[in-house]
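What you see below is based on every heavy atom in this structure, not just the backbone, and it leaves out hydrogens, waters and symmetry mates.
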Amino acid sequence: MKKSTMTVRPAEPVQDLPGAAAYRPTPPPAWKPRTDPAPLLPDSEPHRVLGTDAADRLDAGLMRRLYAELVRGRRYNAQATALTKQGRLAVYPSSTGQEACEVAAALVLEERDWLFPSYRDTLAAVVRGLDPVQALTLLRGDWHTGYDPREHRIAPLCTPLATQLPHAVGLAHAARLKGDDVVALAMVGDGGTSEGDFHEALNFAAVWRAPVVFLVQNNGFAISVPLAKQTAAPSLAHKAVGYGMPGRLVDGNDVAAVHEVLAEAVERARRGGGPTLVEAVTYRIEAHTNADDATRYRGDAEVEAWRAHDPVQLLERELTERGMLDQDAVREAREAAETMAAELRERMNADPVLDPMDLFAHVYAEKTVQLREQEALLRAELDAEDER
């Protein structure tokens, strides 16, 4: 058989073939970025005020109020933790070490605004004016929500991760459609940023330019999972640019800095500028809850290093050095905190009076036939028991 002498030429690059340009059309204008990404990117380092030249412009009155709330917040966390050990609370997720985020978030809002807290944010609710006992009712197991959300403009404490974020966007968008001058501030932990609700909320908020501020308290761990095992992003604040909103990175233990960044974000939202994602870098000093053993996944040296960056001490030292805080003011803040703790302890030590019929009180706006039947059945059983 005669061997073929055909020469096989190497394939030419597609881009060099005649007419190749026809197969590589220029994309239409729709591909271009809708927004310049540069202004949306967070700074490379967390924003700080305390210990910097920016502290020269501190408002003395505001700082003293922040300090008093930090001291009260620290005592509130300690008392609530003690109540779990006494059997008066079923569980308590402490925010010790994160008080600067909690206090700033509550005080930056106007009365007409809404706060959307997670289960760890009872302190923010208390600082906003909620009765401490009502704030702890969910964690006591008495009611799902121990307060009227409409009265206090505080959404129910959210135990599922991040589900409060789309709710915040919905409320903020509805307020904007109605022409109400309302901003929603939604709080979430770093673990919550791994949930789908987080990404859906940011996307809707940016598309609708909803007046909402997302505050991520990056306390280092999602229960026992460190942040490095959740995301490879440069920071959580960097996630904002993917949705078309600004990302801000702030020292979460610097209460002056957190208040400043959140105030700017709230004002931007109120004037129609849309949402902002704020990442506050802080640390969870206590365990995830009283049911968690944090020593299994972190060392004492790490915790002690963060204790040296304590939010209460940072502000107290700064204000004292600047002559904005004297020993009388320090003593007054501590005494007020002790008074609050004593009252909380006394009220929580009293057994709650529960009415079984409350099971049917807040299920539907109008009770269904089945619910009325169940209510009648339980009432009959209770009446029969009383007669016996």
Side-chain angles (χ1 to χ4, degrees), residues 61-109 111 115 117-143 145-149 151-154 156-157 187 217 253 255 258-259 282 284-286 289-290 307 310-316 319-320 324-352:
L62 173 61
M63 291 303 110
R64 281 193 288 268
R65 185 181 180 191
L66 290 171
Y67 174 75
E69 293 293 353
L70 285 180
V71 172
R72 186 169 76 125
R74 178 60 54 83
R75 188 64 186 89
Y76 167 82
N77 273 312
Q79 185 59 68
T81 299
L83 288 168
T84 64
K85 299 175 181 179
Q86 297 162 7
R88 289 300 181 177
L89 277 182
V91 65
Y92 183 65
S94 174
S95 59
T96 298
Q98 301 177 219
E99 292 94 345
C101 300
E102 303 281 312
V103 170
L107 294 187
V108 79
L109 296 175
E111 184 178 353
L115 179 71
S118 74
Y119 57 85
R120 196 177 298 280
D121 302 320
T122 56
L123 174 55
V126 170
V127 175
R128 184 151 169 77
L130 186 62
D131 181 341
V133 172
Q134 291 183 335
L136 294 173
T137 297
L138 166 66
L139 303 173
R140 194 179 193 179
D142 295 346
W143 282 79
T145 299
Y147 56 91
D148 182 352
E151 177 186 353
H152 300 282
R153 300 292 181 108
I154 303 172
L157 293 168
M187 305 176 72
Q217 296 178 82
N253 287 20
V255 69
V258 179
H259 189 278
T282 182
R284 194 188 74 213
I285 294 295
E286 304 291 345
T289 69
N290 52 293
R307 286 187 188 278
D310 179 87
V312 181
Q313 296 177 9
L314 285 178
L315 185 61
E316 182 175 315
L319 298 185
T320 301
M324 297 181 181
L325 189 72
D326 56 23
Q327 289 305 306
D328 289 339
V330 171
R331 183 174 60 256
E332 182 179 340
R334 292 175 181 173
E335 289 175 353
E338 287 300 328
T339 299
M340 176 276 302
E343 181 181 347
L344 175 60
R345 185 168 57 249
E346 180 180 0
R347 294 174 62 196
M348 291 293 289
N349 280 335
D351 291 331

Within the structure provided, determine whether [X] and [Y] are in side-chain contact (heavy-atom separation under 4.5 Å).
X: E102; Y: V127; value: no
X: Q86; Y: N349; value: yes
X: N253; Y: D310; value: no
X: R153; Y: L115; value: no
X: L123; Y: E99; value: yes
X: L136; Y: Y76; value: yes
X: Y147; Y: L157; value: yes
X: V255; Y: Y67; value: no

Looking only at non-hydrogen atoms, find the nearest pair between [X] and [Y] and report the distance.
X: P132; Y: L344; value: CB-CD1, 4.0 Å
X: A333; Y: A68; value: CB-CA, 4.2 Å
X: L89; Y: A80; value: CD1-O, 3.5 Å
X: A125; Y: I154; value: O-CD1, 3.8 Å
X: T96; Y: S94; value: OG1-OG, 2.9 Å
X: G97; Y: I285; value: CA-CG1, 3.9 Å

Kindly compute the distance separating [atom1] ([X]) from [atom2] ([Y]), expressed to the nearest 0.5 Å.
X: R65; Y: L107; atom1: CZ; atom2: CG; answer: 4.5 Å
X: R120; Y: Q217; atom1: CZ; atom2: CD; answer: 8.5 Å
X: S95; Y: M187; atom1: OG; atom2: CE; answer: 8.5 Å
X: N290; Y: Y92; atom1: CG; atom2: OH; answer: 10.5 Å
X: R331; Y: D326; atom1: CZ; atom2: CG; answer: 8.5 Å
X: Q79; Y: T84; atom1: CD; atom2: OG1; answer: 10.0 Å

Enumerate, atom names and distances included, each donor-acceptor pair closer than 3.5 Å involving a side-chain atom of residues 336-343, sequence neighbours excluded.
{"residue": "E338", "atom": "OE1", "partner": "R75", "partner atom": "NE", "Å": "3.3"}
{"residue": "E338", "atom": "OE2", "partner": "R75", "partner atom": "NE", "Å": "2.9"}
{"residue": "T339", "atom": "OG1", "partner": "E335", "partner atom": "O", "Å": "3.0"}

ask   = Any donor and acceptor pair, going by atom type alone, linking the side chain of R88 with main-chain N or O of L83 inside 3.5 Å?
value = no
inquiry  = Please check this pair: side chain of R64 against backbone of M324, looking for a donor-acceptor N/O pair closer than 3.5 Å.
reply    = yes
query = Can you find a side-chain donor-acceptor pair between N77 and E286 that sits under 3.5 Å?
reply = no
Pair E316 + R334: basic N to acidic O under 4.0 Å =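 Between R334 and E316 there is a salt bridge, with a charged N closer than 4.0 Å to a carboxylate O.
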